[in-house]
Colleague: 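Input: one structure, supplied below.
A, B, ... follow the sequence lines: proteins, then strands. Residue 1 opens every chain.
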There are 2 protein chains.
Amino acid sequence: MTELITRLQSIVGAAHVLIATEDQAPYLRDWPGKYQGAAMAVVRPASTEEVAAVMAACVEARVPVVPQGGHTSLSGGATPDATGRAIVLSLSRMNRIRAVDPIGQTIVVDAGVVLAKVQDAARDAGLFFPLSLGSEGTCTVGGNLAANAGGVAVLRYGVMRELTLGLEVVLPDGRIWDGLRALRKDNTGYALRDLFIGSEGTLGIITGAVLKLFPQPTARATAFVAVADAAAALKLLRLSRAHCGDRLTAFEFLTSATLEMILRQMPDTRSPFAGLPDAAVLIELSDIGDENALTARLETALAEAMAEGLASDAVVAQDGTQAKAFWRVRESVSEALVREGKALKHDIAVPVAEIADFVAVMDAAVGAALPGIRPMVFGHLGDGNLHYNLMRPLDISEAQFYEHGPQITRLVHDEITRRRGSISAEHGIGQLRPAEMPLCKPPLELELMLQLKRTLDPHGLMNPGKLLPGA
Amino acid sequence: MTELITRLQSIVGAAHVLIATEDQAPYLRDWPGKYQGAAMAVVRPASTEEVAAVMAACVEARVPVVPQGGHTSLSGGATPDATGRAIVLSLSRMNRIRAVDPIGQTIVVDAGVVLAKVQDAARDAGLFFPLSLGSEGTCTVGGNLAANAGGVAVLRYGVMRELTLGLEVVLPDGRIWDGLRALRKDNTGYALRDLFIGSEGTLGIITGAVLKLFPQPTARATAFVAVADAAAALKLLRLSRAHCGDRLTAFEFLTSATLEMILRQMPDTRSPFAGLPDAAVLIELSDIGDENALTARLETALAEAMAEGLASDAVVAQDGTQAKAFWRVRESVSEALVREGKALKHDIAVPVAEIADFVAVMDAAVGAALPGIRPMVFGHLGDGNLHYNLMRPLDISEAQFYEHGPQITRLVHDEITRRRGSISAEHGIGQLRPAEMPLCKPPLELELMLQLKRTLDPHGLMNPGKLLPGA
């Protein structure tokens with residue numbers, strides 16, 4: 001393999017082929033600290049042509065390639081396995097904004113650009129890129145595309161797939177597919193773009209993208225609403241949508257236990273309510289134009305919700321500072337969970353109308369299986385997507401709790417599958433869940449996916465062990 | 001082949017296997033009357049299971065299958081070739097609305113449902129299905145999906161792909177892929193759904209779909225605006241978007257010649273302007289809530305456009321009747337073109353910002369190639385999608401004009417390709433343009449498409465001769 005290393009060095013420069021353990025370390029351990037991998041080398045190409053040359057060298061040597069962006073995957077999607085037979089291909093040096101088109105409202109970027117930089121570039125052009133994630137200061141566009149990222153603005157703007165017009169991809173044989181088209185409409189053949197989006201680096205390496213931009217909202221209205229449960233939240237969603245239409249940008253749900261945990265663990269958060277509600281919804285509207293009119297619209301909707309008994313309390317943010325404080329509560333949940341202890345995490349989606357029933361049925365089922373188990377449920381209720389986290393009963397140890405893990409997760413995933421839901425709404429399958437795929441997918445669907453994988457990556461070199469079982 | 005016919009009769013009933021020439025006739029000639037095909041039989045299954053059984057029988061006998069919906073393709077996409085070796089599989093009996101979910105805002109339909117029926121079912125549920133086409137009373141959802149239909153509301157709601165959540169597909173081997181999921185977010189593997197959407201029946205037969213519904217707009221504001229040219233229209237687009245954001249639902253462009261032709265050919269149309277403008281834009285805003293506020297917003301935007309010299313005249317519809325009359329002008333263009341004579345039609349897209357330059361460059365180029373040629377240009381300027389139609393110089397015959405056709409179309413498509421545009425923004429490739437694909441697509445892209453075709457349809461039985469050259 002010395003020969004391959006030498007060739008890689010000649011392609012990207014010796015300084016960008018990392019061999020030493022200490023140099024490689026940051027690339028080998030996933031962000032949540034669940035997976036520790038090994039690599040023959042970490043290679044950092046600076047251009048699409050260099051990525052293509054690296055890939056061509058690897059396919060010739062039959063060496064697997066693990067593409068990596070900001071390395072923030074929550075499913076170990078960008079961490080190599082422990083064998084050390086693969087190279088990690090980091091796109092972090094490919095971090096240019098290539099072009100912004102303010103008339104067509106598009107932006108062309110390298111895959112290694114950090115998400116926040118895209119948001120900034122859009123803002124500088126008087127426009128808006130809506131994808132927003134907790135990791136936006138670190139995660140990259142390439143990772144967002146590979147995992148078809150979601151976040152808190154999907155309700156209005158859609159997932160990463162819907163924000164993308166064109167792609168540039170280095171194929172598993174080292175050739176470059178230039179699909180960097182900035183077209184809103186193009187019906188000339190199969191949707192190659194959509195095949196690569198969400199494929200988690202298993203079909204090729206995304207090196208560039210054309211993304212959609214939007215008018216910058218100039219008005220926002222934010223409210224925290226106390227509701228009885230997810231069923232009431234669902235009715236509130238319907239009412240909000242009927243009143244506000246597309247203005248409804250976020251509709252985030254938190255159970256009482258989750259809210260209590262955040263307020264307890266995170267000293268800089270404060271409850272907007274007098275007491276602890278049974279559940280809460282964070283609503284945000286955004287629009288172009290008059291903020292007072294937008295706030296009035298939100299107040300009208302909330303007054304109706306109160307009158308109909310859908311909400312027991314509602315606090316509309318009086319200014320940007322208060323709105324930020326509301327969001328601070330929602331955004332603190334990940335960190336609060338880390339402080340609270342280990343959790344069994346499930347990133348699930350069901351049809352929106354079933355979400356309340358799912359929570360009720362599931363809470364009862366896991367409670368029966370392990371009395372005292374503590375559901376910490378929150379998420380994007382408007383998308384039918386909740387983070388269904390479960391924490392240990394306080395009278396057993398974490399080790400004891402983890403013994404129940406597989407059984408509990410089985411319960412959750414079986415309920416999801418019965419409802420034709422998703423066991424990974426936005427985090428991807430990565431190396432965390434490939435074994436679940438045969439349990440949750442129709443066999444024919446998995447067979448089709450494996451056929452596509454073999455067609456595009458006949459040597460099975462792209463991000464092995466991720467997404468598909470046995471691929 | 002008698003054996004196959006007998007088997008097909010046993011699957012769908014003898015009454016639904018059409019053999020007689022007069023019974024088959026309506027299924028064999030495309031709507032614009034450009035193609036006349038032949039078929040061994042026209043088969044009309046009534047359920048997904050029957051479609052699957054028909055497909056299984058055909059693959060066993062190695063008989064090609066041409067899926068057909070409302071048969072309104074503008075590229076001969078659903079018309080069989082003249083050999084008579086294929087069967088036409090009509091989905092017209094699969095016309096049930098399967099379910100409407102007003103909370104999740106989704107609808108599940110058979111592929112053979114006529115588009116207008118989906119719009120009606122949405123309205124009956126207090127919701128809205130935004131896809132709107134001239135052929136909506138005849139075309140079917142299956143065809144809309146196969147061709148990834150566009151229309152006049154794409155600016156706000158996206159193309160058919162963006163309106164679709166799940167699919168049910170009968171594969172070329174006769175198995176049923178049940179991907180009828182109603183999920184807003186689902187990151188569990190490759191986007192099979194998107195592979196079938198836009199594949200023009202060449203990868204399988206779409207038999208059902210889950211579609212997105214939206215809140216029913218309760219306010220509309222419509223205006224006809226006189227502008228100098230496409231460049232001014234582009235500036236007006238930017239200004240309108242900045243003022244109106246997502247409310248901007250349609251932004252349709254017509255050149256002076258096109259407007260003049262419509263008004264002359266269609267006696268029930270009337271110009272909203274005192275004289276004939278150099279070009280015109282039909283703008284529609286829609287929203288939930290107060291129509292007066294929406295109209296005021298449109299008037300503010302138009303006043304600014306007039307002040308900036310982007311528009312020379314602007315007429316805001318005073319009521320629904322006037323708005324309908326405005327739309328009548330736009331919607332009459334197809335019929336007016338038929339009356340005016342034969343045209344060389346090009347359904348093109350370029351990046352939105354380039355659309356004005358494209359029109360200017362192209363008009364000059366075709367004018368130089370054939371002096372007196374008459375461009376009749378109109379379309380969805382906000383999507384970068386125009387119908388670039390060319391009519392004969394008045395001093396030559398249609399036959400003489402058609403001799404120039406290939407050369408003129410070459411000029412148009414080469415200019416499109418130079419600009420990384422699309423030679424089929426919304427009509428599909430069908431049997432009209434497969435030969436253009438190698439001229440307009442990177443060879444690698446075509447190779448990938450052919451690989452996917454061979455993987456999913458190894459016997460090459462699905463809608464042969466459509467979309468891909470040599471497939």
Colleague: With a 4.5 angstrom heavy-atom cut-off, which part of L467(A) approaches chain B: side chain, backbone, both or neither?
Modeller: side chain

Colleague: Looking only at heavy atoms and a cut-off of under 4.5 Å, which of R454(B), E426(B), E162(B) has the most pairs with chain A?
Modeller: E426(B)

Colleague: Specify which of L195(A), L446(A), T106(A), L203(A) makes the most heavy-atom pairs with chain B at under 4.5 Å.
Modeller: L203(A)

Colleague: Let me confirm one number: the CG-CG distance from D246(B) to D287(A), rounded to the nearest 0.5 Å.
Modeller: 8.5 Å

Colleague: Side chain from CB out, backbone as N, CA, C, O: work out which of these in R297(A) comes under 4.5 Å of a heavy atom of chain B, or both, or neither.
Modeller: side chain

Colleague: I'd like to know if R181(B) pairs up with E445(A) as an ion pair, taking the criterion as any Lys NZ or Arg NE/NH1/NH2 lying under 4.0 Å from an Asp or Glu carboxylate oxygen.
Modeller: yes

Colleague: Residue by residue, which of residues 165-177 of chain B have a heavy atom closer than 4.5 Å to a heavy atom belonging to chain A?
Modeller: L171(B), R175(B), I176(B), W177(B)

Colleague: So which heavy atom on P215(A) is nearest to which on G245(B), and how close?
Modeller: CG-CA, 4.2 Å

Colleague: For the candidates L456(B), D383(B), D101(B), L234(B), which exhibits the highest count of non-hydrogen atom pairs separated by less than 4.5 Å from chain A?
Modeller: D383(B)

Colleague: Quick one: what part of Q216(A) sits under 4.5 Å from any heavy atom of chain B, side chain, backbone, both or neither?
Modeller: neither

Colleague: Counting only non-hydrogen atoms closer than 4.5 Å, does E354(B) touch chain A with its backbone (N, CA, C, O), its side chain (CB onward), both, or neither?
Modeller: neither

Colleague: Backbone N or O of S424(A) within a donor-acceptor pair of the N187(B) side chain at under 3.5 Å?
Modeller: no

Colleague: Is it the backbone or the side chain of A293(B) that comes under 4.5 Å from a heavy atom of chain A, or both, or neither?
Modeller: neither

Colleague: What distance do I103(A) atom CD1 and I355(B) atom CD1 have between them, rounded to the nearest 0.5 Å?
Modeller: 12.5 Å

Colleague: Using non-hydrogen atoms and a 4.5 Å limit, figure out which bit of L180(B) sits close to chain A: side chain, backbone, both or neither.
Modeller: both

Colleague: Between R184(A), R156(A), R419(A), R241(A), who has the most heavy-atom pairs with chain B when the cutoff is under 4.5 Å?
Modeller: R241(A)

Colleague: When only pairs under 4.5 Å are counted, which of I429(A), V210(A), T188(A) shares the most heavy-atom pairs with chain B?
Modeller: T188(A)

Colleague: If you count heavy-atom pairs under 4.5 Å between each of D178(B), T202(B), V350(B) and chain A, which one has the most?
Modeller: D178(B)

Colleague: For a side chain to side chain contact (heavy atoms under 4.5 Å, CB included) with Y190(B), tell me which candidate from L468(A), L450(A), D194(A) qualifies.
Modeller: L468(A)

Colleague: Among V352(A), L155(A), T455(A), who wins on heavy-atom pairs under 4.5 Å with chain B?
Modeller: T455(A)

Colleague: Does a donor on one side chain sit under 3.5 Å from an acceptor on the other, for S422(B) and K185(A)?
Modeller: no

Colleague: Where does A349(A) contact chain B at under 4.5 Å (heavy atoms): side chain, backbone, both or neither?
Modeller: both

Colleague: Using every non-hydrogen atom in the two residues, find where A353(A) and G104(B) come nearest and quote the distance to one decimal.
Modeller: CB-N, 4.0 Å

Colleague: Does any part of the side chain of L452(A), heavy atoms only, come nearer than 4.5 Å to the side chain of L192(B), both counted from C-beta?
Modeller: yes

Colleague: Tell me which of these, P102(A), G158(A), G126(A), G198(A), has more heavy-atom pairs under 4.5 Å with chain B than the rest.
Modeller: P102(A)

Colleague: Please state whether the side chain, the backbone, both or neither of H380(B) comes within less than 4.5 Å of a heavy atom of chain A.
Modeller: side chain

Colleague: Measure distances from R420(A) to the heavy atoms of chain B and classify the residue's part below 4.5 Å as side chain, backbone, both or neither.
Modeller: both

Colleague: Using heavy-atom distances under 4.5 Å, tell me whether R433(B) contacts chain A through its side chain, its backbone, both, or neither.
Modeller: neither

Colleague: For D347(A), is it the side chain, the backbone, both, or neither that has a heavy atom closer than 4.5 Å to a heavy atom of chain B?
Modeller: neither

Colleague: I'd like to check P351(B) versus L183(A) (side-chain heavy atoms, cut-off strictly below 4.5 Å). Are they in contact?
Modeller: yes

Colleague: Which bit of L237(A) is near chain B, if near means a heavy-atom gap under 4.5 Å: side chain, backbone, both or neither?
Modeller: neither

Colleague: Chain B heavy atoms under 4.5 Å from N148(A): which part of the residue, side chain, backbone, both or neither?
Modeller: both

Colleague: Name the region of T218(A), side chain, backbone, both or neither, that has any atom closer than 4.5 Å to a heavy atom of chain B.
Modeller: neither

Colleague: Between R161(B) and chain A, with a heavy-atom cut-off of 4.5 Å, which part of the residue counts as in contact: side chain, backbone, both or neither?
Modeller: side chain

Colleague: I need the D186(A) CG to I348(B) CD1 distance, nearest 0.5 Å.
Modeller: 11.5 Å

Colleague: Hey, does the side chain of K441(A) reach the backbone of G189(B) with a donor-acceptor pair shorter than 3.5 angstrom?
Modeller: no

Colleague: Using a cut-off of under 4.5 Å on heavy-atom pairs, state which of M437(B), R247(B), E436(B) scores highest against chain A.
Modeller: R247(B)

